[in-house]
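In what follows, a single structure is set out as structure tokens and then discussed.
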Amino acid sequence: MRMSRLIDDGTSVAVTSAKPRLSLVTALQILVFVVLVAAWQLGAALGWIDPFFFSRPSDIAAKIGEWLVTGYLWPHLAVTLTEALLAFVIGTVSGVACGLAFARIELLAAVFDPYIRILNALPRVILAPILILWFGLGMASKVALGVTLVFFIVFFNTFQGIREVDPVVRNNARMLQASDRQLLRHVYLPSAMAWIFSSLHTSIGFALVGAVVGEYIGAARGIGYVVAQAQGVFDTTSVFAGLILTSAVVLVIDLGIHRLERHLLRWRPRI
Amino acid sequence: MRMSRLIDDGTSVAVTSAKPRLSLVTALQILVFVVLVAAWQLGAALGWIDPFFFSRPSDIAAKIGEWLVTGYLWPHLAVTLTEALLAFVIGTVSGVACGLAFARIELLAAVFDPYIRILNALPRVILAPILILWFGLGMASKVALGVTLVFFIVFFNTFQGIREVDPVVRNNARMLQASDRQLLRHVYLPSAMAWIFSSLHTSIGFALVGAVVGEYIGAARGIGYVVAQAQGVFDTTSVFAGLILTSAVVLVIDLGIHRLERHLLRWRPRI
Amino acid sequence: MTTPAVSCRKITVRFATPSGGAHTVIGDISLDVEDGTFVAIVGPSGCGKSTLLNLVAGLLQPQLGDIAIFGEPLTGINRHAGYLFQQDALLPWRTVLDNVMLGLVFRGVPRDEATQRARQWIARVGLTGFEDRFPHLLSGGMRKRAAIAQSWIVDPRILLMDEPFSALDVQTRQVMETELLDLWQESRRTVLFITHDLEEAIALADRVVVLSAGPAARIKGDYPVALARPRDVAEIRLDPEFVELYRQIWADLRDEVRQSQAQGFR
Amino acid sequence: MTTPAVSCRKITVRFATPSGGAHTVIGDISLDVEDGTFVAIVGPSGCGKSTLLNLVAGLLQPQLGDIAIFGEPLTGINRHAGYLFQQDALLPWRTVLDNVMLGLVFRGVPRDEATQRARQWIARVGLTGFEDRFPHLLSGGMRKRAAIAQSWIVDPRILLMDEPFSALDVQTRQVMETELLDLWQESRRTVLFITHDLEEAIALADRVVVLSAGPAARIKGDYPVALARPRDVAEIRLDPEFVELYRQIWADLRDEVRQSQAQGFR
Amino acid sequence: PAADLTTIRVAVGGAGCLCYLPTMLAEQIGAYKKNGLAVEIANLKGGSQALTAVLGGSADVVSGYFDHTVVIQAKQKVLTAFVAYDRLPGLVLAVSPKTTGVASLKDLVGKKVGVSAPGSSTDFFLKYLLRKDGDDPGSVAVIGVGLDATAVAAMEQGMVDAAVMLDPAVTVLETKYPGLKLLSDTRTEADTLRVFGGQYPGGVLYAPPDWIAKHEKETQALADAMVETLQWLHAHSPEEIAAKMPDELVGPDKKLYVAALKSAMAMYSPTGLMDEKGAQAVIDLFSQSDPDIAKAHVDLSKTYTNRFAAAADAKLGIKN
Ligand SMILES: Nc1ncnc2c1ncn2[C@@H]1O[C@H](COP(=O)(O)OP(=O)(O)OP(=O)(O)O)[C@@H](O)[C@H]1O
Ligand SMILES: Nc1ncnc2c1ncn2[C@@H]1O[C@H](COP(=O)(O)OP(=O)(O)OP(=O)(O)O)[C@@H](O)[C@H]1O
Ligand SMILES: [Mg+2]
Ligand SMILES: [Mg+2]
């Protein structure tokens, strides 16, 4: 463990406990993947795992290949991703905005606190029919479902992040005559940034969950629709293929978030 | 806004922007409640809101009263709460433990990072059948569903919270010869506490969501079962009554979490 | 008589103790500071110097008593004051340059002009070449110097400084002291300056206020410093008048510190 | 010849600059410290003093060169050293008492004994009555004193101190200096002591090391202090030998600071 | 050209169920298009959700079980069926392969029985069977197990002792466990008559009466398309039907699908007409099970109309 990043000039001494090397990490990741998949395939072959319920990796791969070749998947994936991204953006923006407002306006926070908690405890999936009622069977209802999941995760973290601001730094900015807006922009937001990003990693997953579950409950297209249909005809392979593909896509989006985070939080001491 | 809590000795001067007074807050909370309920009831009476979809507050209150009197609700509520609490505890403990492990062991974090993200992006509700397959139709499958929701929220926040520890404080403890265990107990955990608590507020809600949704999909008792039954016969009143009651219970649990948080984080400067 | 820049009337400050009691930090202090004077505040560690500055800054409200700034009762933040905090107070997510120009940006100075003025100030505190560093990459003394530039650049009518130079080596410190005196000479701002270095206090100030040991600190002594201006911070320490004043205040201070130690030490 | 307590051989430290380049902070320094000696380190602000202490503490690895502690190459944390950091380093979630006894708790000392010893130390640094306060409720000087107690209580074989007394008023400071000398006299630990106060350095140390201005700081001078022990930190400043030494080192230091300013200031 | 087609949004509560097959088949054989309709089929998790979607205006027509039009009258809402494509309900009460000693309904007392969801048609069916047999419906523990893989898993693992199921789930189990004990199989006309004393409608197309009034032409077109489809269906073998269906509805096991289809063929009505006795049977069944429905005095004439199906039959020259 080091206090800070050092420059390694090649001639230098060995450095203890450096960041694990990239190639090693990749190798191990692949190893884990191979082991898991092999165990699954073997389990299915030996009858420990019932392929009726869990399918087989080889079948899933074949199914994914088929979808990619026939292009069957793209329109569904496009719909689901659009919904998830919209839910993510809307949920994040509103979560951050409300978190800021609540953290700054004590009366607001005190009065609405129990209501926010009640809403957070509502099982949204049960409310899905109501969302469909309000927003129809199209994208809007799925986006709404996703937003109800993302919002609270982002909200609670933003709220807490703002309260974590170093009082001395905040007072310094106030003495430098920052207006409330400027305080928000230059002090509260950057200070809460680590908190907000932490919630984004969770919430991108939940945005997708919202979209897929919404489609699963009622839709005419989207991955959730595909999965629901497959489940109806005991096509476990397609269920897994659909889930795996969506996860892969989220992984890519999350990587983007991670990049952004690294950039925006480059001012922090590296541990 | 004040730098710190002052003692008000009665004779003292007016203090600017003090914490909003408790009675005012309560009054406003009740006002908000009354306005919302009245609008709802009135909307239903005037036909703006279709009671078929949204019921009426008076009906809901009557239904809750009936349940309480006949005792119909208690066994269901008990089941759901047990599931939610178990999911909450298991999810939190495992989330914190994994968060700690990941934050401390870089290789582990690097290798499993994509897998954690993939799992987080899986729509659990679709996996509910698989959970039922593994854990049966009883409580265990609902607890498992709740855990899959709670775990990630707590995990990501713990992971980040640990990384937020002040490097100087950490180095100080290391120079005082803290062992790795001691470092964890005396430095990392307390430092991450604010982060962990922030995630607990979100996750208690999700623990309940997991339990109720699990029951909704397949169970013989529990609030989710009651709600599913009511939805099947278009009994919106019971749906809302069930949801409202559970939310109320979560509110009480969350209050407990809040108390604990206040106690454990009493060392922080009040803003 | 002109209205004083800062006027504290019978101020009392109490803090809650963990055990639920009250800890009186400042007990019934009154203090007037005329506009344009340089006041140094000295006193034992933990007696309430920073608390006093927080009061004048408007960051803390007293339980009893009133504070007026240029004759107006102080409510909320003191808009006339700049404050150099005892602790690290730079925005960690801003580079040195951005930190230094922050006050200008807040006041709506155009970015170009602000950048240019900030660069000048960075040079004055000897941080040229470190403009694009984030604070955690600086040494303690460098952070302090950046903070000095940050609070001086906006040229506030009242300058509150809490041990600004204690993290600096002797030479850099003299440079900064001279810089401060030059600045003050030009614009005659009101300065409240906390220091542990009595020599520094006398060398710089028009008036040295000695606080008594806490709890319930009072003003123990209030010494006018009649030394001629402009002063050379290095030379003046040899001035007999300086030495005499030092002896007087020191005697006063020593009593206080002794008392504070009697309460706390051993 | 005995093995030195600390031995640095041709140490070079570079940091990455934001622009992607490298900034050499310490350039090829070699330094041996015999066991039981009290070494003071002085040098201009930002020259690399804290970096040097981090190296000896094992918190930072040099790009080039080796460090040995009691003859053993240093890998990871230096288990023989106690470190009093320049920044606030108390655990904010622990009361003063808990903070002070932390090192003992880590070493498995029974709680009762640890508490008792911690209370003694709290008294020695004058914080009696503040045992159950959390750090953010203390003044800057009080926090520093708590940190002093925290690092001294475990009585490490090598004591690293980074500007321990600069936040203290003159009198408290003398009390702490005396305390430190007493402690050292008893147990003859090895001390590396960074200060900006040259008088303090000479009054306390066996040896004063002057670092040159950065970048690539080197050892500019290394002065043995032959003043008799035990010393009275207040009286010794009047000793002619002291004054002569001060003059010598000051001349040396001034050059350095001037150079550092020429690079940075204006 | 597509621009001339009227778009109708049809909500189905679980497109995988064979009971709804004609809805999808019509699309596959181009029956909708032929009648000037563009149909957009939305798949919902359950029949009640499909109904809610139509009442809320997010869909126009439900392809679902007739019994919902009865239940909903207790809530002062009216929905009218205009084509009945299933003349048998297709509900099967099967005993878990893990459970021994259940030979009749009586043996279910004190046991756990799975239904798709509490409060659903399967639930009511179970209770009706029990009551008819003279058993107390409260004496069995009802568990929601869904319709598809969950239900199969619950049966296979013995999490429930018996379950009310639909196809293809029943056929899946039957294939895996050839001796599967069925306590009641309303995929057959015989069992349906024994249980209900007449035909008992399953899947129908229904819509709010005012929608029908405003969309006479479209309703008729839907009825026409559906009856054509039924005719086509009975004129083809299960293999040919399966070949027409989209892959995602057939699933990975075509043989299984065909097998299920075979046992389901009798279920599909050739005419699309509602049997009045059957409709009355539904009302009776639900009035018995649910006091609210009994109180509501369901108006049979509002629950369905044979007007459109009769006209369609006439057009195609089908004799009734
Ligand atoms: N983590 C880091 N990354 C990059 N540069 C650093 C880092 N830490 C210190 N530096 C640089 O190293 C130089 C020396 O820093 P150091 O803290 O050792 O100075 P110092 O002699 O202790 O100064 P002071 O007396 O002001 O405390 C400074 O120029 C600083 O900017
Ligand atoms: N927020 C607070 N809550 C409770 N007590 C406080 C608080 N801030 C300061 N105190 C107490 O007030 C007293 C004075 O603190 P202050 O920071 O004003 O001292 P100071 O004179 O600046 O000391 P130093 O020279 O060490 O900085 C101390 O005893 C401290 O414990
Ligand atoms: Mg102070
Ligand atoms: Mg330093």
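Proteins come first, then strands; the chains are lettered A, B, ... in the order of their sequence lines, and each starts at number 1. For clarity, every value in this text was computed on a predicted model and none was experimentally measured.
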Calculate, to the nearest 0.5 Å, the distance between atoms CG and CG belonging to D/D197 and C/D197 respectively. 8.5 Å
Rounded to the nearest 0.5 Å, what separates atom OG1 in C/T17 from atom CG in D/D132? 7.5 Å
Pick one of side chain, backbone, both or neither for D/W250, based on which atoms fall under 4.5 Å of a heavy atom in chain C. side chain
Suppose we screen for salt bridge (Lys or Arg N to Asp or Glu O under 4.0 Å). Which residues come up paired with C/D88, at least two apart in sequence or across chains? C/R143
Only one of C/R173, C/Q171, C/R145 passes side-chain hydrogen bond (donor to acceptor under 3.5 Å, both in side chains) with D/S45, and that residue is C/R145
Looking at chain D, which one of C/M142, C/Q86, C/R133, C/K49 has the largest number of heavy-atom pairs inside 4.5 Å, strictly under? C/R133
Do the non-hydrogen side-chain atoms of C/H23 and D/F130 ever get within less than 4.5 Å of each other? yes
Heavy-atom proximity to chain D below 4.5 Å, by part of C/S50: neither
Would you mind checking which part of C/F134 comes under 4.5 Å of any heavy atom in chain D, side chain (CB onward), backbone (N, CA, C, O), both or neither? neither
I'd like to check the side chain to side chain contact (heavy atoms under 4.5 Å, CB included) partners of D/Q174; sequence neighbours left out, ordered by chain and number. D/E177, D/A234
Side chain of C/H196, backbone of D/A167: donor and acceptor closer than 3.5 Å? yes
